[in-house]
Amino acid sequence: MKIPARTRSSLNRHLFDDAQVPDALRHLLVDISRAAKYISYAIQTTEAGLAGAVNQFGEEQQKLDVLSDDIVREFLCENHLVSTYVSEEQKEVIELEANAPYSVVFDPLDGSSLIEANFAIGSIFGVYEGNTVLGRKPKEQVGALYVLYGPRTVLVYTTGKGVHMFILNDVGEFILLEENMGVADDAKNYSPGNLRALDENPGYRKAMDRWLTEHMTLRYSGCMVADIHHILSKGQGVFTNVGGSKYPEGKLRLPFECGPFAFLMEQAGGTATDGTQPIMEKTIQSVDQRTPLIIGSKNEVERIVAMMQ
Ligand code: P6P
């Protein structure tokens, strides 16, 4: 029987036909997308501002980031494909099944402090082959994806063959919205985090002054998933979170925040560095390892690095 022409491209079908990844990786990525649907639902139905309190039925409401972590864990256990995982919500590497083929890093709900302000927040995932993430480099990832819970819930993934965006439709399926998202070499927008470092980091101050004098457009929400998605969806921009006294290595974590985004951004034609080396080349030494991050349009990243030398 001839396979019907493609009328809609689901995530599952795109992973099979376009990414052509091994079935086990496709299964794992689809399961991660299933977890994201439940997180999206939890965000929509939890009375904002009551997260982590008691709901109108007197039931204890878990904080949404704890609930999101539990949801992801449930799906990572269900498919017997995950050997270990590293979560922003867990202090140690969590071991599931020793002989399973993949290890996963994730931030189940990045930007959760913004929930009560009803800002867009997101989940970040990276996938490695094998049974450990410690000692690995982000360039070894076989998959990276994020889900942005905004006015629309979108999922963006790469497995090394470009960056592709899907939207969660009314029947709960992620449907292809845009293939091969790209980032231009020059930026018009800037997204500067950890501004408390401006007074202590002269190079960062120089970069900020230049963005202001060149009248570039500021776009910053406080959630890196939304801010870096802004770069990918606009096709240009730069996002920074660099060191200062409060966070000497910057605020963001290498394993489950900067590593997955570095893979995605390089696949989109951009770049990601800590100011001295590519994020993709940094060895993960601990689950909560922080790193400075300058990510986005190549030429702008290079200009910032030169000023911060
Ligand atoms: P700052 C959110 O908590 C987060 O981890 C990132 O999503 C975001 O970019 C950063 O922290 C915000 O940092 O310094 O602006 O509060």
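Computed from a predicted structure; not experimentally measured.
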Polar contact flag, side-chain donor to acceptor under 3.5 angstrom, Asn299-Asp185: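 Side chains of Asn299 and Asp185: no pair found under 3.5 Å.
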
Determine whether the side chains of Ser123 and Tyr149 contain a donor N or O and an acceptor N or O closer than 3.5 Å.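 The criterion, which ignores hydrogens and geometry beyond distance, is satisfied for Tyr149 and Ser123.
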
Nearest 0.5 angstrom please: [X] [atom1] to [Y] [atom2], how far?
| X | Y | atom1 | atom2 | value |
| --- | --- | --- | --- | --- |
| Ile124 | Asp107 | CD1 | CG | 5.0 Å |
| Ile231 | Arg219 | CD1 | CZ | 12.5 Å |
| Met308 | Arg205 | CE | CZ | 12.5 Å |
| Asn201 | Met208 | CG | CE | 12.5 Å |
| Gln277 | Lys282 | CD | NZ | 5.5 Å |
| Leu177 | Leu155 | CG | CG | 11.0 Å |

Test Asp31 against Leu81 for side-chain contact (heavy atoms from CB on, under 4.5 Å), laying out the working first. CA-CA 10 Å; Asp31 275 356; Leu81 293 170; 5.6 Å; no

Shared hydrophobic cluster, [X] / [Y] (ILVMFWY, side-chain heavy atoms < 4.5 Å):
| X | Y | result |
| --- | --- | --- |
| Leu15 | Met165 | no |
| Ile228 | Val147 | no |
| Leu145 | Ile279 | no |
| Leu293 | Leu198 | yes |
| Leu148 | Ile167 | yes |

How about [X] and [Y]: do any of their side-chain heavy atoms sit closer than 4.5 Å?
| X | Y | result |
| --- | --- | --- |
| Lys91 | Val287 | no |
| Phe261 | Val225 | yes |
| Thr276 | Val305 | no |
| Cys258 | Arg253 | no |
| Val301 | Ile295 | no |
| Val93 | Thr132 | no |
| Asp274 | Pro292 | yes |
| His164 | Asn180 | yes |

Decide yes or no on side-chain contact (heavy atoms from CB on, under 4.5 Å) for Thr271 and Met265, but give the supporting numbers first. CA-CA 6 Å; Thr271 188; Met265 187 57 73; 5.9 Å; no

Search all heavy atoms of Leu96 against all heavy atoms of Cys77 and return the closest pair with its distance. CD2-SG, 3.8 Å

List the steps and the verdict of side-chain contact (heavy atoms from CB on, under 4.5 Å) for Tyr128 and Thr84. CA-CA 10 Å; Tyr128 292 79; Thr84 66; over 6 Å; no

Hey, do the aromatic rings of Phe75 and Tyr38 have their centres closer than 6.0 Å? yes

With side chain to side chain donor-acceptor pair (under 3.5 Å) as the criterion, how do Asp23 and His27 come out once you've worked through the C-alpha distance, each side chain's angles and the decisive distance to 0.1 Å? CA-CA 6 Å; Asp23 281 350; His27 184 162; over 6 Å; no

Quick check: does any side chain N or O of [X] sit under 3.5 Å from a backbone N or O of [Y], one acting as donor and the other as acceptor?
| X | Y | answer |
| --- | --- | --- |
| Arg136 | Glu129 | yes |
| Asn241 | Gly193 | no |
| Ser40 | Lys37 | no |
| Asn194 | Val242 | yes |
| Gln141 | Pro138 | yes |
| Asp65 | Leu109 | no |

Between [X] and [Y], how do the two ring planes meet: parallel, tilted or perpendicular, split at 30° and 60°?
| X | Y | value |
| --- | --- | --- |
| Tyr157 | His14 | perpendicular |
| His229 | Tyr146 | perpendicular |
| Tyr85 | Phe106 | tilted |

Ser83 vs Ser103, side chain to side chain donor-acceptor pair (under 3.5 Å): CA-CA, chis, key distance, verdict: CA-CA 6 Å; Ser83 172; Ser103 288; 4.7 Å; no

Does atom [atom1] of [X] have more than 12 heavy-atom neighbours from other groups under 6.0 Å away?
| X | atom1 | answer |
| --- | --- | --- |
| Glu78 | CD | yes |
| Arg73 | CZ | no |
| Phe119 | CZ | no |
| Glu92 | CD | no |
| Arg196 | CZ | yes |

The single option from Ile121, Ile39, Ile115, Ile71 passing side-chain contact (heavy atoms from CB on, under 4.5 Å) against Leu64: Ile115

Going by the side-chain contact (heavy atoms from CB on, under 4.5 Å) test, name the single residue among Leu195, Ile294, Ile304 that passes it with Tyr204.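 One option only clears the test, and that one is Leu195.
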
Worked verdict on Arg303 versus Glu300 for salt bridge (charged side-chain N to carboxylate O under 4.0 Å, His left out): CA-CA 5 Å; Arg303 281 203 319 174; Glu300 188 58 28; 3.0 Å; yes

Using the rule given for side-chain contact (heavy atoms from CB on, under 4.5 Å), can you reason through Asn189 versus Gln236, listing the C-alpha separation, both sets of side-chain angles and the distance that settles it, and then say yes or no? CA-CA 7 Å; Asn189 298 340; Gln236 53 81 19; 3.1 Å; yes

